Amino acid sequence: MADLSLDNVRVLSHSAVRIEAHNGTVLYFDPFQVAEEPHDADVVFITHSHYDHLSPADAAKVMNERTVVVAPATCATEVEEALHPAEVRALQPGEALTVAGVGVEAVRAYNVQPERLGFHPKENDWLGYVVTVDGVRYYVSGDTDENEDTLQVRCDVALVPIGGTYTFDAAQAAAFVNAIRPQAVVPTHYGTAVGRKEDVDDFLPLVDPAIKAVVKMEWPEVG
């Protein structure tokens, strides 16, 4: 059974997620609009190369000289040149690895809705990640729609975008979550670079009551 308190999970802003393991291992996903400078990242995961997911200035605030970066193979060189980490681990969709003691599975992230096809094309092989931390499977989806790849995900906790335009809107996100049936869901990617803060109010009532919905967005004040 997953720890549904999710006290170890933060959504710093937008799609910037921080997950901490019991042993102190710290994972970040797509750091963006980071207000603090903790330099505590053991691993930084980049889902794709858009500015609100690959932000060198924000990654620098969480990285240190030992930080490993995991990135899609298709943009690994760009990520390495932008972030200069200790190491880049490149993944193709469907591949898996272990980094800092954490199991990682790569899930292709892409749009299928006609109005979004140009934003996150399937052929780019951009990624979401399923990471296993303290026995709990967390799915951080990246920018995606419901598609044949994302529907295969099995996780305890899903962190999914709800802000529309480039990815799921609130209704589509809820339908997706209800289809893959995690124990808990955390909405992301709204009210900052895209979407409205009120999108979460549209999302929550549409989630199956059997799935615990936890709002984690911190809305930092950053320049």
Side-chain angles (χ1 to χ4, degrees), residues 3 6-72 75-76 78-91 96-107 109 126-134 136-144 155-161 167 184 186-190 192-193 214-222:
D3 177 4
L6 301 184
D7 290 338
N8 64 323
V9 175
R10 296 174 64 188
V11 180
L12 305 175
S13 174
H14 199 53
S15 291
V17 173
R18 181 186 188 275
I19 300 175
E20 183 169 351
H22 292 329
N23 66 1
T25 298
V26 175
L27 315 178
Y28 284 88
F29 300 80
D30 293 347
F32 179 66
Q33 296 180 335
V34 177
E36 304 159 355
E37 295 192 34
H39 300 292
D40 60 349
D42 292 289
V43 187
V44 170
F45 294 85
I46 301 296
T47 62
H48 64 293
S49 57
H50 287 165
Y51 79 95
D52 52 336
H53 298 265
L54 173 57
S55 171
D58 291 292
K61 294 179 181 180
V62 303
M63 293 173 62
N64 57 61
E65 67 276 7
R66 299 177 303 280
T67 303
V68 175
V69 173
V70 178
C75 56
E78 181 179 358
V79 168
E80 184 166 17
E81 292 174 350
L83 304 187
H84 307 291
E87 181 184 6
V88 173
R89 305 286 297 275
L91 281 176
L97 58 75
T98 300
V99 59
V102 173
V104 181
E105 301 164 30
V107 180
W126 289 338
L127 300 177
Y129 301 98
V130 177
V131 296
T132 301
V133 178
D134 300 322
V136 178
R137 291 171 59 83
Y138 299 86
Y139 172 43
V140 182
S141 74
D143 283 6
T144 192
C155 62
D156 301 303
V157 180
L159 296 101
V160 297
T167 186
V186 178
T188 67
H189 203 284
Y190 65 98
T192 49
V214 184
V215 177
K216 285 285 188 174
M217 192 69 76
E218 295 185 8
W219 307 118
E221 294 295 329
V222 293

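Model, not experiment: these values are computed from the prediction.
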Do you know which two heavy atoms are closest between P72 and L127, and how far apart they sit?
CA-CD1, 3.7 Å
Could you report the tightest heavy-atom contact between S13 and Q33, atom names first, then the distance?
OG-OE1, 2.5 Å
Backbone of T167 reached by a side-chain donor or acceptor of D143 within 3.5 Å
no
Those residues that, when tested against Y139, pass ring pair (Phe, Tyr, Trp, His ring centres under 6.0 Å) (two or more places apart):
none
Could you check if a side-chain atom of H84 sits within less than 4.5 angstrom of a side-chain atom of M63, using non-hydrogen atoms only?
no
Just so I know, are the side chains of V104 and L91 near enough to count as touching, which here means a heavy-atom distance under 4.5 Å?
yes
Which atom of T98 lies closest to which atom of R89, heavy atoms considered
O-NH1, 3.8 Å
Can you find a heavy atom in the side chain of L54 that is under 4.5 Å from one in the side chain of L83?
yes
With heavy-atom distances below 4.5 Å as the criterion, would you say the side chains of V102 and V43 are in contact?
no
Backbone of H22 reached by a side-chain donor or acceptor of D134 within 3.5 Å:
yes
Where does the angle between the aromatic ring planes of W126 and H48 fall among parallel (under 30°), tilted (30 to 60°) and perpendicular (over 60°)?
tilted
Measure across P38 and Y28 and return the closest heavy-atom pair with its distance rounded to 0.1 Å.
CG-OH, 3.4 Å
Just by modelled atom types, is the V9 backbone N or O under 3.5 Å from a matching donor or acceptor in the K216 side chain?
yes
Once rounded to the nearest 0.5 Å, what's the spacing between atom CG of D58 and atom CD of E36?
12.0 Å
Are any non-hydrogen side-chain atoms of V131 and F45 less than 4.5 angstrom apart?
yes
What pairs with E78 under salt bridge (Lys or Arg N to Asp or Glu O under 4.0 Å), at least two apart in sequence or on another chain?
none
For the student: nearest non-hydrogen atoms of A109 and G128, plus distance:
CB-N, 3.8 Å
Measure the acute angle between the ring planes of H53 and H189, then classify it against the limits of 30° and 60° as parallel, tilted or perpendicular.
parallel
Mind checking salt bridge (Lys or Arg N to Asp or Glu O under 4.0 Å) for D40 and listing every partner two or more places apart, or none if nothing turns up?
R18
Within the side chain of D42, is there an N or O that forms a donor-acceptor pair under 3.5 Å with the backbone of V26?
yes
Are side-chain heavy atoms of S55 and P31 found at a separation under 4.5 Å?
no
Quick check: do Y138 and L27 have side-chain heavy atoms less than 4.5 Å from each other?
no
Within-4.5 Å side-chain heavy-atom neighbours: P85 and T67
no
In Å and rounded to the nearest 0.5 Å, what is the CG to CG distance from L6 to L159?
8.0 Å
Which of these passes side chain to side chain contact (heavy atoms under 4.5 Å, CB included) with F29: L12, V44, I19?
I19
So, for G142 and T47, which heavy atoms are closest and what is the spacing to 0.1 Å?
CA-CG2, 3.8 Å
